[in-house]
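All remarks here apply to the structure that follows.
Residue numbers begin at 1 in each chain, while the letters A, B, ... track the order of the sequences.
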Amino acid sequence: MNYLMKNVEMPLIPVVAELEANGYQIDCGYFTALKAYLEPEQALVLADIQATAGAEFNPASPKQLSKLLYEDLGLPVLKKTEKGSPSSDEESLYSLRDAHPVVGKILEYRKTGKIISTYCSFPNEVDSDSRLRPEYNQMGAITGRFTATKKIQTLPKNDRYGIRNGFIAPLGFKIVGADFEQQELYILAAVSGDQAMLDAIANGIDLHGLAAKKVFGLACNPDEVKILHPEKRGQVKSVQFGILYGMEAQSLANKLSLSLKAAEELIDGYFKVFPDVKLFIEKTRDLAVKNGCLVDVFGRLKLVPDAQITSKSKLGLQSKALRETQNFPIQAAAATITKLAMIRCHNHIREFHPQIKMILSLHDELQFQVPDDEVEHFASELPGLMTNLGVESFGFKIPFKVSVTSGQSWGSLVAHRPASLECAR
DNA sequence: TACTTCGGCCAC
DNA sequence: AAACGTGGCCGAAGTA
């Protein structure tokens, strides 16, 4: 049996079974109250919109909305959908918000509607013990990431209504979370073997700050860039982020409002700082073109037949395949690391903390429901369980950084501080 | 009614 | 405000 099957996917099956059986406690009253508050508000906004558009008008219908905006009101079409219809998505509406007062109201209606229809329905979806039990598909994404049902992976973050506050620990328990910090960047450093990136991570230097300093020839220390040159750091951060997702120069230019040439120079500058990252990306893309498939460091396979397209009329398809190619080895290795973390944490709590339940796995983060009197101990153990997984499984040169949080609900998790440090004040 | 497609939007 | 990768869920509208 290959590595992934023997050491990852098979041992993971009972872990996922438990995760699904455990579920996540929901504060149903929170969501019923929120819904009761929002629905009358939404009705007022609807009436307001219908005063402009007519009583039959449904702003939730993209078709009706397009007719209103682009035919009746004559607003300019800024963007088309996949199928070529005029788009009324958030991006377009945001640009049109000053062109007519109804546009802003529609944006508000959409935002609130999403909360009501998608995120206030949990009381109808929980079991009789008020726990939400999503199904996890451990082979759901081609990269090895999980997919899951019941919206558990897409709860709004930093939203006005605090949806995540409704995901709670029962009385006498806390939620404890463990995150791999900048997991995909660590993976990029590890799989590319780029020494400058590895060194920066090993020494705890701000990666974006370091890159910005070198690209723009700044005089300050890397860690001062965040304060002294936040906009330059932001540009480099976009390059860094884009590399993980296969972004090309034109998209970066649009994102940063730069010329194509300036964007290319920015990317070139970045690659001069981290030359082996550039080499890794080139090698990855070349392999996909040559073979029509690629394999990540753990042996996970992705077919990318479109990478071999040469017909000029289909270069868009090839570009998409190459972006997927660039992202795959990073996202796939990250997924395997998180799966290894699940297995190790599961084995650990079975042996030492039978009262602790794993209740969430979310790409680079795990959460547990922990009895109050075990929080301190378990939180102190988590980094030791997770940081060395890459080193041990594949000889990564650097350990991961794991941050631990705790709180009474998902929405109120804060950095966990050992109790021994709390008496200072 | 039941299913599919589309446009839209939430997360990592 | 995002824009690039991986996904699932919602309502509207069309089809069987």
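Regarding contacts with the backbone of B/dG8, a side-chain N or O of A/Ser88 is found under 4.0 angstrom from either OP1 or OP2. When the side-chain nitrogen and oxygen atoms of A/Thr143 are compared with OP1 and OP2 of C/dT6, none of them lie within a distance under 4.0 Å. A close approach under 4.0 Å does not occur between any side-chain nitrogen or oxygen of A/Lys63 and OP1 or OP2 of C/dA13. OP1 and OP2 of C/dC4 both lie 4.0 Å or more from every side-chain N or O belonging to A/Asn327. Under 4.0 angstrom from either OP1 or OP2 of C/dG8 there lies at least one side-chain N or O belonging to A/Thr147. Dashed line: the shortest gap from a side-chain N or O of A/Thr154 to OP1 or OP2 of C/dC9 is not under 4.0 Å.
Residues A/Asn137 and A/Phe146 fail the side-chain proximity criterion, which asks for heavy atoms closer than 4.5 Å. The shortest distance between side-chain heavy atoms of A/Leu303 and A/Leu301 falls below 4.5 Å.
For A/Tyr186 and A/Phe180, the gap between ring centers reaches or exceeds 6.0 Å. Proximity of the aromatic rings of A/Phe31 and A/Tyr119 is defined here by a centroid distance below 6.0 angstrom, and this criterion is not met.
Within the 4.0 angstrom heavy-atom criterion, base atoms lie near A/Glu91. When heavy atoms are screened at a 4.0 angstrom cut-off, A/Lys151 is found touching the sugar-phosphate backbone but no base atom. Nucleic acid contact class of A/Phe146 (heavy atoms, under 4.0 Å, all strands): none. Within the 4.0 angstrom heavy-atom criterion, only backbone atoms of the sugar-phosphate kind lie near A/Ile142; the bases stay farther away. Looking at heavy-atom distances under 4.0 Å, A/Asp89 makes contact with sugar-phosphate atoms alone, never a base. Counting any heavy atom pair closer than 4.0 Å across all strands shown, A/Gln183 reaches no nucleic acid atom. Using a 4.0 Å heavy-atom criterion, one finds that A/Lys111 contacts the sugar-phosphate atoms exclusively. Backbone-only engagement by A/Arg164 is indicated by non-hydrogen atom pairs under 4.0 Å involving sugar-phosphate atoms exclusively. At a threshold of 4.0 angstrom between heavy atoms, the contacts of A/Gly242 include nucleobase atoms, whether or not backbone atoms are also involved. Residue-level contact check: A/Glu365 touches neither bases nor backbone, having no heavy atom under 4.0 Å from any strand. Within the nucleic acid shown, A/Ala148 comes within 4.0 Å of sugar-phosphate atoms alone, with no base atom in reach, counting heavy atoms only.
Between A/Arg145 and A/Glu184, at least one side-chain nitrogen of the basic residue sits less than 4.0 Å from a carboxylate oxygen of the acidic one, meeting the salt-bridge criterion.
The side chain of A/Lys114 lies closest to C/dG8 when the candidates are C/dA3, B/dC12, C/dG8. Of the candidates B/dC12, C/dG11, C/dG8, C/dG11 carries the atom nearest the A/Ala60 side chain, counting heavy atoms from C-beta on. Relative to the side chain of A/Arg145, the nucleotides C/dT6, B/dG8, C/dA1 differ in distance, and C/dT6 lies closest.
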